[in-house]
Amino acid sequence: MGSTNLGPITIVFFFYVISMVHCINIIQELDDQIRSYAARANKGRHTGSLYELSLPANLSDVEASVVTVRNSVFWRKGANFSGVYVPPMVKTTPYAKRIAFVYETFGDYSSSVYFRLADDNYSFISPVIGFTAYDATNTNNLKRLNLSIEKDSPILIKFDPYVSHNQSRGIKCVDLGDNNESLKFSNTTRNYSCATTNSRGHYALVAPNQKHNPTSKLELARRKWWWIALTIIGISVLLAAVIGVVVKLVRKKRFKEMERESEKSETVGNIWIGQSRMPAATMVRTQPCLEYHEDFPSSN
């Protein structure tokens with residue numbers, strides 16, 4: 001039984017490891033390819049100017065650029081190109097007279113192709129931005145450099161142009177490493193920037209996935225209609241009660257008016273005996289008189 005349960009899990013894990021290794025190899029090959037394009041474009045260029053690299057058609061969703069700076073200028077001013085800020089007074093190991101920074105920006109499609117988030121609870125909300133420092137003393141052979149970055153003055157990768165106000169909750173920085181071999185989540189700094197002390201790497205912003213449950217949607221719709229129906233019924237009952245009270249008041253008012261009019265037109269007076277009102281005539285309408293008849297003898 002145990003081997004039966006572990007079999008599918010082992011197969012899935014095996015294919016997952018193969019896919020991750022394949023992604024790492026692709027990123028390494030892509031970085032090497034972009035570095036070769038940067039070496040060609042960097043020949044005869046002025047220092048301190050950022051140049052866009054012309055990449056082949058199969059990399060149309062990837063943007064790359066290169067800038068070369070002198071070590072003395074880099075020590076005084078640092079580097080601030082393509083959304084990546086490197087602070088001043090940073091040493092390179094080994095020492096390089098000229099330093100070439102190569103920047104990469106992966107669009108939505110290329111980000112999903114070249115990079116994978118092991119945590120399914122998050123998704124990319126920004127492009128993946130990568131940078132690498134090279135020794136540009138020999139433009140034909142760019143070699144990687146290490147930068148002495150302090151924690152108090154880290155490198156900042158700026159993502160504020162890619163963040164909208166609707167996505168401001170739960171945003172995290174993700175450090176994809178040099179070759180997407182490891183994931184490190186951290187909080188963003190001011191203006192949605194990611195801070196790092198690494199000399200190279202790939203970085204992006206991620207946000208929690210919004211899980212939508214069709215059952216909950218249906219339940220919410222039912223609840224909404226129930227509330228609407230109950231509201232209509234309540235309003236109808238209240239309206240009927242108000243109409244009944246108004247009709248009752250109108251009838252009572254009319255009855256009092258009719259009673260008042262009848263009291264005004266009465267010719268028979270009223271007297272109160274105890275708590276009862278009794279009619280009392282103030283005069284006799286027909287005066288009594290003796291009728292004369294022939295059969296009766298006269299007094300004479």
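All values below were derived from every heavy atom in this structure, side-chain atoms included, with hydrogens, water molecules and symmetry-related copies excluded.
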If I compare all heavy atoms of [X] with all of [Y], which pair ends up nearest, and what's the gap?
X      : Y      : answer
Ile34  : Glu104 : CD1-OE2, 3.5 Å
Ile149 : Thr196 : CG2-O, 3.9 Å
Leu142 : Ala136 : CD2-CA, 3.8 Å
Phe159 : Pro127 : CE2-O, 3.5 Å
Ala195 : Pro154 : CB-CG, 3.8 Å
Pro208 : Gly170 : CD-O, 3.1 Å

Tyr95 atom OH: more than 12 heavy-atom contacts under 6.0 Å: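 Atom OH in Tyr95 is packed in, count exceeds 12.
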Check: [Y] and [X] side chains under 4.5 Å, non-hydrogen atoms:
X      : Y      : value
Val128 : Tyr114 : no
Leu30  : Phe106 : yes
Tyr134 : Arg200 : no
Leu50  : Tyr103 : yes

Shared hydrophobic cluster for Val163 and Leu156 (ILVMFWY, side-chain gaps under 4.5 Å): no
Ile99-Met89 co-clustered via ILVMFWY side chain contacts under 4.5 Å: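 Different clusters: Ile99 never reaches Met89 through Ile, Leu, Val, Met, Phe, Trp or Tyr contacts under 4.5 Å.
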Under the salt bridge (charged side-chain N to carboxylate O under 4.0 Å, His left out) test, residues paired with Asp152 that sit two or more places apart: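 Residues passing salt bridge (charged side-chain N to carboxylate O under 4.0 Å, His left out) with Asp152: none at all.
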Results of salt bridge (charged side-chain N to carboxylate O under 4.0 Å, His left out) for Arg98 - residues two or more places apart only: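 Expected list: none.
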Report yes or no: does [X] contribute a side-chain atom to a donor-acceptor pair with the main-chain N or O of [Y] at less than 3.5 Å?
X      : Y      : value
Ser36  : Gln33  : yes
Asn191 : Ser193 : no
Arg35  : Lys143 : no
Ser199 : Asn146 : no

For [X], give me all partners under side chain to side chain donor-acceptor pair (under 3.5 Å), at least two apart in sequence or on another chain.
X      : value
Ser186 : none
Lys172 : Asn187
Asn141 : none
Ser123 : Asn209

Steps toward side-chain contact (heavy atoms from CB on, under 4.5 Å) verdict (Val86, Phe131): CA-CA 11 Å; Val86 184; Phe131 71 94; 5.5 Å; no
Partner residues of Tyr203 under the ring-ring contact (aromatic ring centres under 6.0 Å, His included) criterion, sequence neighbours left out: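 In terms of ring-ring contact (aromatic ring centres under 6.0 Å, His included), with neighbours along the sequence ignored, Tyr203 is linked to no residue.
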Those residues that, when tested against Tyr122, pass ring-ring contact (aromatic ring centres under 6.0 Å, His included) (two or more places apart): Phe185
Criterion side chain to side chain contact (heavy atoms under 4.5 Å, CB included) against Ser126, the qualifying member of Asp160, Val206, Leu205: Leu205
Between side-chain atoms of residues 237-254 and protein atoms elsewhere (two or more places apart, or another chain), which donor-acceptor pairs fall under 3.5 Å?
none

Measure the spacing between [atom1] of [X] and [atom2] of [Y] and express it to the nearest 0.5 Å.
X      : Y      : atom1 : atom2 : answer
Thr137 : Leu145 : OG1   : CG    : 8.0 Å
Ile125 : Ile171 : CD1   : CD1   : 3.5 Å
Cys194 : Lys184 : SG    : NZ    : 13.5 Å
Ile157 : Thr189 : CD1   : OG1   : 9.0 Å
His202 : Asp175 : NE2   : CG    : 10.5 Å

Please list, one pair per line, the donor and acceptor atoms closer than 3.5 Å that link side chains of residues 58-67 to other protein atoms, with sequence neighbours excluded.
{"residue": "Asp61", "atom": "OD2", "partner": "Tyr109", "partner atom": "N", "Å": "3.1"}
{"residue": "Asp61", "atom": "OD2", "partner": "Ser110", "partner atom": "N", "Å": "2.8"}
{"residue": "Asp61", "atom": "OD2", "partner": "Ser110", "partner atom": "OG", "Å": "3.2"}

Pairs satisfying ring pair (Phe, Tyr, Trp, His ring centres under 6.0 Å), at least one member in residues 222-250, at least two apart: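 Listed by first then second residue: nothing to list.
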Just list the side-chain donor-acceptor pairs under 3.5 Å for residues 69-85, sequence neighbours left out, or say none.
{"residue": "Asn71", "atom": "ND2", "partner": "Ala96", "partner atom": "O", "Å": "2.5"}

